[in-house]
Amino acid sequence: MSRHRKWLALCLAMLPAAAIAAEPAQVANRLFDHLQAGQIADAEAMLTPQMAEAVPADRLGALWTSLGTLQQRGATAVSMQQGVSLVVVPLQFSSGRVLAQVAVDAQDKVAGLMLRPAAAEKAPPPPADARYSEVDFSVRQARGALPGTLALPKGKGPFPAVVLVHGSGPQDRDETIGGSRPFLDIARGLAAQGIAVLRYDKRTLARPQDFANDHFSVDDETTLDAVAALADVAADHRIDRTRVFLMGHSQGGMLAPRIASRWPQARGAILWAAPARTLLELLPEQNRYLMALDGSISAPEQAALDRLDAQIAAARSDTRAPASELPLGVPQSFWKSIEAVDARADAQALRKPLLMLHGGRDFQVPDTDWTLWKKALAGRTNVQWREYPALNHIGIAGSGPSALQEYAQPGHVDAKLIDDVAAWVKAQR
């Protein structure tokens, strides 16, 4: 699941250096040359000592190989960020499109490498015969509005409405990951069945300047905007203000009861792939799962897990620590605020109808959390449960153990999940 989605295991390191590299683009391409040729020792020799410790040769080689055959490199872009040269190169692998970010220091050493799914091409407009239309919609906030899209069914309103709340990290309105757009699929699928849907760009993506002071909470990042979005949708004359719902995915699902309690007019909430535990509990499990997919955890990988444990302890400590020493480089204020969220208690206190959705192949929010949710909400007659054995964390069907690499493959949210959401919303009168 996503805490400031730097793509978990693919976010290898981002370590600051003191000055600008002389020819950063050439350094990055030389690194790719070595990796493509299988010259892992030569690639490792290009890393800073800190980077080499964080990402040993065997892990670097396994990561590169897991992406398949490198078929094409795109145009290189170079910028300065935090005192290092950041080289961005689109890469086309047989497994999908990847955006590579290489941090190069003043000694032409690679101080960081991040590989993440490339953004999908712009989504096509709705087909001419679609039973809905899409219009621009702004979520108003005193600290700055957020751009969004309202999918409106055709015909006579007012319509019931669903507001989509993102998972963790900077997210666009479609919750794009690789070639997939889960929120686009949900929005259009529900709108075609007579339900209006608002999706909007998350503040960490649309207005990163709002987080420049490096001190913010999960409410600053998610809750306040979701409450504003619900209120704005309800105020629209095309919407039935008595039937406004929220649907939270991943971290958004965990926060959905909190959000609904802050905007009590909400008719109900849909929790999709929602953690029942805190993110700092899930992070080690996610990373251990990914590292063990090849059958074992190497000594360097165990060392990385130990470092993560130390970062988590620092995030939970009362001793102040800089973001650079904490999980995913996220400030301590955020971790403290999200650790204080008790999602199960919030859901128990919320007496509104709930729809719970879970994918059986979700390694980010596994069956353990699904079991905890069932225990916490046992006996509630206004809670419905839907489990999909073949679906991963973003609602796309597959087989075998789920892995990060499948997120790079274009896919669509399972139609049955969308139909189940539509049926549940329509049943809430």
Undergrad: Using 0.5 Å steps for rounding, measure from the CG atom of L67 to the CD atom of Q405.
TA: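 It comes to 6.0 Å.
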
Undergrad: Applying side-chain contact (heavy atoms from CB on, under 4.5 Å), can you list everything that pairs with E387, at least two apart in sequence or on another chain?
TA: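 Listed in chain order: H358, D367, W370.
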
Undergrad: Would you call E175 and R199 a salt bridge, taking side-chain N to carboxylate O under 4.0 Å as the test?
TA: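 Judged by the 4.0 Å cut-off on N to carboxylate O distance, E175 and R199 do not form a salt bridge.
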
Undergrad: Determine whether T368 and E281 make a side-chain contact, defined as any pair of heavy atoms from C-beta on separated by less than 4.5 Å.
TA: no

Undergrad: List for me each residue that meets ring pair (Phe, Tyr, Trp, His ring centres under 6.0 Å) alongside F183, sequence neighbours excluded, and say none if there are none.
TA: H166

Undergrad: Under the ring pair (Phe, Tyr, Trp, His ring centres under 6.0 Å) definition, can you give me all pairs with a residue in residues 280-310, not counting sequence neighbours?
TA: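 Sorted result for residues 280-310: Y289-F363.
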
Undergrad: Write down the atom of L271, the atom of A256, and the distance for their closest heavy-atom approach.
TA: CD1-CB, 3.9 Å

Undergrad: Look only at the side chain of D369 and the backbone of R277, and say whether a donor-acceptor pair between them is shorter than 3.5 Å.
TA: yes

Undergrad: Can you sort out the partners of R140 under side chain to side chain donor-acceptor pair (under 3.5 Å), two or more places apart, ordered by chain and number?
TA: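 Once residues adjacent in sequence are excluded, the partners of R140 under the side chain to side chain donor-acceptor pair (under 3.5 Å) criterion are D232.
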
Undergrad: Quick check on side chain to side chain contact (heavy atoms under 4.5 Å, CB included): which of H249, Q384, M247 does L357 satisfy it with?
TA: M247

Undergrad: For a 4.5 angstrom cut-off between non-hydrogen side-chain atoms, does S180 reach Y407?
TA: no

Undergrad: Whether the side chain of D172 engages the backbone of D174 through a donor-acceptor N/O pair (distance < 3.5 Å, no angle test) should be reported.
TA: yes

Undergrad: How close do Y200 and A226 get, counting heavy atoms only, and between which atoms?
TA: OH-CA, 3.4 Å

Undergrad: Examine distances only and state if a side-chain atom of S333 and a backbone atom of S217 form a donor-acceptor pair shorter than 3.5 Å.
TA: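 Side chain of S333 to backbone of S217: no pair is present.
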
Undergrad: Just grab all the side-chain hydrogen bond (donor to acceptor under 3.5 Å, both in side chains) pairs involving residues 293-305, residues at least two apart or on different chains.
TA: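 For residues 293-305, and leaving out neighbouring residues, the side-chain hydrogen bond (donor to acceptor under 3.5 Å, both in side chains) pairs sorted by first residue read S298-E301, Q302-D306.
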
Undergrad: How about L99 and P90: do any of their side-chain heavy atoms sit closer than 4.5 Å?
TA: yes

Undergrad: Tell me, do I418 and L190 make a side-chain contact under 4.5 Å, heavy atoms counted?
TA: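 Yes, close enough: below the 4.5 Å cut-off.
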
Undergrad: For residues L391 and D362, determine if any side-chain heavy atom of one lies less than 4.5 Å from a side-chain heavy atom of the other.
TA: no

Undergrad: Give the minimum heavy-atom separation between G194 and P153, together with the two atoms involved.
TA: C-CG, 3.3 Å

Undergrad: Determine which pairs satisfy ring pair (Phe, Tyr, Trp, His ring centres under 6.0 Å) with at least one residue from residues 54-74, sequence neighbours left out, and list them in order.
TA: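 Residue pairs passing ring pair (Phe, Tyr, Trp, His ring centres under 6.0 Å), neighbours aside: F32-W64, W64-F93.
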
Undergrad: Could you list the donor-acceptor pairs under 3.5 angstrom formed between side-chain atoms of residues 310-319 and any protein atom two or more places apart in sequence or on another chain?
TA:
| residue | atom | partner | partner atom | Å |
| --- | --- | --- | --- | --- |
| R316 | NE | E339 | OE1 | 3.0 |
| S317 | OG | T319 | N | 2.9 |
| D318 | OD1 | K336 | NZ | 3.4 |

Undergrad: Ignoring hydrogens and geometry beyond distance, is a side-chain donor-acceptor pair present between S250 and H393 at under 3.5 Å?
TA: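 Side-chain D/A pair, S250 to H393: present.
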
Undergrad: If you take all heavy atoms of D220 and D225, which pair is closest and at what distance?
TA: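 In terms of heavy atoms, the two residues are closest at O-OD2, 4.2 Å.
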
Undergrad: Side chain of D201, backbone of R173: donor and acceptor closer than 3.5 Å?
TA: yes

Undergrad: Extract all donor-acceptor atom pairs below 3.5 Å that involve side chains of residues 419-429 and protein atoms in other chains or at least two apart in sequence.
TA:
| residue | atom | partner | partner atom | Å |
| --- | --- | --- | --- | --- |
| D419 | OD1 | Q193 | NE2 | 2.9 |
| D420 | OD1 | K416 | NZ | 2.8 |
| D420 | OD2 | Y388 | OH | 2.7 |
| D420 | OD2 | K416 | NZ | 3.0 |
| K426 | NZ | Q193 | O | 2.9 |
| Q428 | NE2 | W424 | O | 3.1 |
| R429 | NE | K426 | O | 3.1 |

Undergrad: Taking atom types as modelled, is there a side-chain donor on Q251 or E221 under 3.5 Å from an acceptor on the other?
TA: yes

Undergrad: Show your working on side-chain contact (heavy atoms from CB on, under 4.5 Å) between R386 and L417 and close with a plain yes or no.
TA: CA-CA 8 Å; R386 299 288 185 272; L417 184 150; over 6 Å; no

Undergrad: What distance do F334 atom CZ and L328 atom CG have between them, rounded to the nearest 0.5 Å?
TA: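 The distance works out to 9.5 Å.
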
Undergrad: What are the two closest non-hydrogen atoms of P327 and L308, and how far apart are they?
TA: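 Smallest heavy-atom distance, with atoms named: CB-CD1, 4.3 Å.
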
Undergrad: Identify the two heavy atoms, one from L246 and one from A260, that lie closest to each other, and give their separation to 0.1 Å.
TA: CD2-CB, 3.9 Å

Undergrad: Please examine the side chains of P125 and E134, heavy atoms only from C-beta on, and report whether any two atoms are closer than 4.5 Å.
TA: no

Undergrad: Kindly say whether V218 contributes a backbone atom to a donor-acceptor pair with the side chain of S337 at under 3.5 angstrom?
TA: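 Yes; judged by distance alone, with no hydrogens or angles, the pair exists.
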
Undergrad: Find the distance between CD1 (I338) and CG (L255) and round it off to the nearest 0.5 Å.
TA: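 Reported value, rounded in 0.5 Å steps: 5.5 Å.
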
Undergrad: Does Q171 reach the main-chain N or O of K202 with its side chain, forming a donor-acceptor pair under 3.5 Å?
TA: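 Between the backbone of K202 and the side chain of Q171 there is no qualifying donor-acceptor contact (under 3.5 Å).
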
Undergrad: Could you go through residues 346-356 and list every donor-acceptor pair under 3.5 Å that involves a side-chain atom there, pairing it with any protein atom two or more places apart or in another chain?
TA:
| residue | atom | partner | partner atom | Å |
| --- | --- | --- | --- | --- |
| Q348 | NE2 | A376 | O | 3.0 |
| R351 | NH1 | Q348 | O | 2.8 |
| K352 | NZ | P264 | O | 2.6 |
| K352 | NZ | A266 | O | 2.8 |

Undergrad: If you look only at distance, which donor and acceptor atoms sit under 3.5 Å apart when one is on a side chain in residues 206-213 and the other is two or more places apart or in another chain?
TA:
| residue | atom | partner | partner atom | Å |
| --- | --- | --- | --- | --- |
| R207 | NE | R143 | O | 3.3 |
| R207 | NE | D210 | OD1 | 3.4 |
| R207 | NE | D210 | OD2 | 2.8 |
| R207 | NH2 | R143 | O | 3.1 |
| R207 | NH2 | D210 | OD1 | 3.2 |
| D210 | OD2 | R203 | NH1 | 2.7 |
| N213 | OD1 | H215 | N | 2.9 |

Undergrad: Taking the side chain as C-beta and beyond, is there a heavy-atom pair between R288 and I297 under 4.5 Å?
TA: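 Contact flag for R288/I297 side chains = yes.
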
Undergrad: Do the non-hydrogen side-chain atoms of W373 and V365 ever get within less than 4.5 Å of each other?
TA: no

Undergrad: Kindly write out the residues that satisfy side chain to side chain donor-acceptor pair (under 3.5 Å) with T223, not counting sequence neighbours, or none if the list is empty.
TA: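 For T223, the residues satisfying side chain to side chain donor-acceptor pair (under 3.5 Å) (neighbours in sequence not counted) are D219.
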
Undergrad: Enumerate the residue pairs fulfilling ring pair (Phe, Tyr, Trp, His ring centres under 6.0 Å) with a member in residues 291-333, sequence neighbours excluded, ordered by first and then second residue.
TA: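 Every pair satisfying ring pair (Phe, Tyr, Trp, His ring centres under 6.0 Å) with a residue in residues 291-333: there are none.
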
